Protein chains: 2
Amino acid sequence: MVTAWIPHYCGPVAKPLDPEMFDPLCPSELMPIRVGDKWAGMIIQCLEDGPRRFSELRVPLRNITPKVLTKSLRTLERDAFIVRTIHAGPSRQVQYELTSLGRSLLELLDAARAWAETHLEELIDAREAAIARASRTS
Amino acid sequence: MVTAWIPHYCGPVAKPLDPEMFDPLCPSELMPIRVGDKWAGMIIQCLEDGPRRFSELRVPLRNITPKVLTKSLRTLERDAFIVRTIHAGPSRQVQYELTSLGRSLLELLDAARAWAETHLEELIDAREAAIARASRTS
DNA sequence: CAGGATCCTTACCGATACTG
DNA sequence: CAGTATCGGTAAGGATCCTG
């Protein structure tokens, strides 16, 4: 994930999230590691560069349905990994942001992703061998 | 997990598994990280010190029912994290052992456990606050 | 001993439609 | 915009009993 910096702010500024960020073939998807529910790990990674809005999050998460996203976000909020802030304005605006606890999970997620990238070939080989075995049995 | 060494063998030797190894309050349970299904991570950690038998594994895994253990083991075998060996003998004996791929997951699991231990207090606080909030609402 | 068979309950996840 | 409401399918997990 790329981080951009602006002077006199000295914090990461959010870049548009990549719709292909979590396509089904990326290591984040292939690794057998999960944080919380299916989406929690991906959500946390989406928040790495700064706060995001509800509808902004849906894009990289393969247009996750609002119900599922809401549930996952509420769980993350309950467990103190993110905070939810409502900014009043012309159009309603809700921001989700990592807490320090949530941020501390990023390292772990990076480690998991690194593991998956390292062993990607083995993982795919095993999967293909399993498929071959299954088709031979049937 | 403790490792004992015997000379002229130079490999870890299995110690009896602790029945309380994965009690519901240990960091392995509190951490929001999972490898594969609910039991996979715990099984892998049980195999850290060497091969184990089916019935041996059930003890630390809170007397998991055989059906569930079998399914989890088969999945781990399919994905090349463990190997299953049948040793013929007076009474049937089946051993489960980590592959190098499975073994490589141990670091990640250790990192996850370390994370959970570091943030244990925050995790419990968040959980308790959530419970308090819930009871106030009802 | 190492499981398989059966039944059941719940959780997860998704699609669609609707609302303050 | 940020959700709720409703419905439905699938899979995970577990209890109990049975078997080569």
Side-chain angles (χ1 to χ4, degrees), chain A residues 14 16-17 22-24 28-29 32-43 46-47 51-79 82-97 130 134 137, chain B residues 14 16-17 22-24 28-29 32-43 46-47 51-79 82-97 130 134 137:
Chain A
L17 292 174
F22 295 110
D23 84 286
S28 288
E29 285 294 284
I33 308 271
R34 274 172 56 169
V35 178
D37 63 25
K38 176 175 177 182
W39 301 102
M42 297 186 244
I43 292 172
C46 286
L47 296 175
R52 299 288 184 176
R53 303 172 58 176
F54 188 87
S55 47
E56 230 178 334
L57 287 172
R58 294 191 58 193
V59 181
L61 300 174
R62 300 191 219 112
N63 292 314
I64 181 175
T65 60
K67 190 193 86 173
V68 176
L69 179 55
T70 300
K71 195 195 170 186
S72 205
L73 286 169
R74 292 286 140 84
T75 304
L76 285 167
E77 189 191 7
R78 184 201 64 186
D79 293 340
I82 62 175
V83 282
R84 175 173 178 270
T85 325
I86 306 174
H87 299 273
S91 71
R92 194 158 171 240
Q93 197 166 330
V94 180
Q95 299 260 30
Y96 294 92
E97 190 174 9
T137 312
Chain B
L17 293 174
F22 295 110
D23 85 287
S28 288
E29 285 294 283
I33 306 273
R34 271 173 56 169
V35 179
D37 64 24
K38 176 175 176 181
W39 301 102
M42 296 186 244
I43 291 173
C46 285
L47 296 175
R52 299 290 184 177
R53 303 174 57 177
F54 187 87
S55 47
E56 228 177 337
L57 287 172
R58 294 191 58 194
V59 181
L61 301 174
R62 300 192 220 110
N63 292 313
I64 180 176
T65 61
K67 190 195 87 172
V68 176
L69 179 55
T70 299
K71 193 192 171 188
S72 205
L73 287 169
R74 292 287 140 84
T75 304
L76 285 168
E77 190 191 4
R78 185 201 66 186
D79 293 341
I82 63 174
V83 281
R84 175 172 178 271
T85 326
I86 305 175
H87 300 272
S91 72
R92 192 155 173 246
Q93 196 166 330
V94 181
Q95 298 259 31
Y96 294 92
E97 191 174 8
T137 312

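Predicted model, so just to flag it, every value in this text is computed and none were measured. Chain A is the first sequence line, chain B the second, and so forth, proteins listed ahead of strands; every chain is numbered from 1.
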d(NZ, A:Lys71; C1', C:dC12) in whole Å: 6 Å
Partner of A:Glu56 by salt bridge (charged side-chain N to carboxylate O under 4.0 Å, His left out), out of A:Arg58, A:Arg53, A:Arg52: A:Arg52
Summary of side-chain hydrogen bond (donor to acceptor under 3.5 Å, both in side chains) pairs that have at least one residue in residues 85-95 of chain A, sequence neighbours excluded: none
Contact under 4.0 Å: B:Arg74 side-chain N or O vs C:dA2 OP1/OP2: no
Polar atoms only, N or O, under 3.5 Å: list the protein pairs with nucleotides 14-20 of chain C and their distances.
unit_1: C:dG14; atom_1: OP1; unit_2: A:Lys38; atom_2: NZ; d: 2.9
unit_1: C:dG14; atom_1: OP2; unit_2: A:Trp39; atom_2: NE1; d: 3.0
unit_1: C:dG14; atom_1: N7; unit_2: A:Lys67; atom_2: NZ; d: 3.4
unit_1: C:dG14; atom_1: O6; unit_2: A:Lys67; atom_2: NZ; d: 2.1

First-last contacting nucleotides on DNA chain D - partner chain A, under 4.0 angstrom, heavy atom: D:dC1 to D:dC7
Validation row: A:Leu17, A:Leu61 side chains within 4.5 angstrom (heavy atoms): no
Inter-residue atom distance A:Ile43.CD1 - A:Lys38.NZ, 0.5 Å rounding: 12.0 Å
Five-pair end axes of the helix from C:dC1-D:dG20 to C:dG20-D:dC1 and the angle they enclose, rounded to 10°: 50°
Spacing of B:Arg52 atom CZ relative to C:dC1 atom C1', expressed in whole Å: 17 Å
Nearest non-hydrogen partners of A:Leu57 and A:Pro60, listed with the distance: O-CD, 3.2 Å
Going by atom type alone, with no hydrogens or angles, which donor-acceptor pairs under 3.5 Å involve a side-chain atom of residues 66-73 of chain A and a protein atom two or more places apart or on another chain?
unit_1: A:Thr70; atom_1: OG1; unit_2: A:Pro66; atom_2: O; d: 2.8
unit_1: A:Ser72; atom_1: OG; unit_2: A:Asp37; atom_2: OD1; d: 3.0
unit_1: A:Ser72; atom_1: OG; unit_2: A:Asp37; atom_2: OD2; d: 2.9

Contacts of A:Arg84 that satisfy side-chain hydrogen bond (donor to acceptor under 3.5 Å, both in side chains) - sequence neighbours left out: A:Tyr96
Sugar-phosphate, base or nothing in reach of B:Arg84, heavy atoms under 4.0 Å: sugar-phosphate
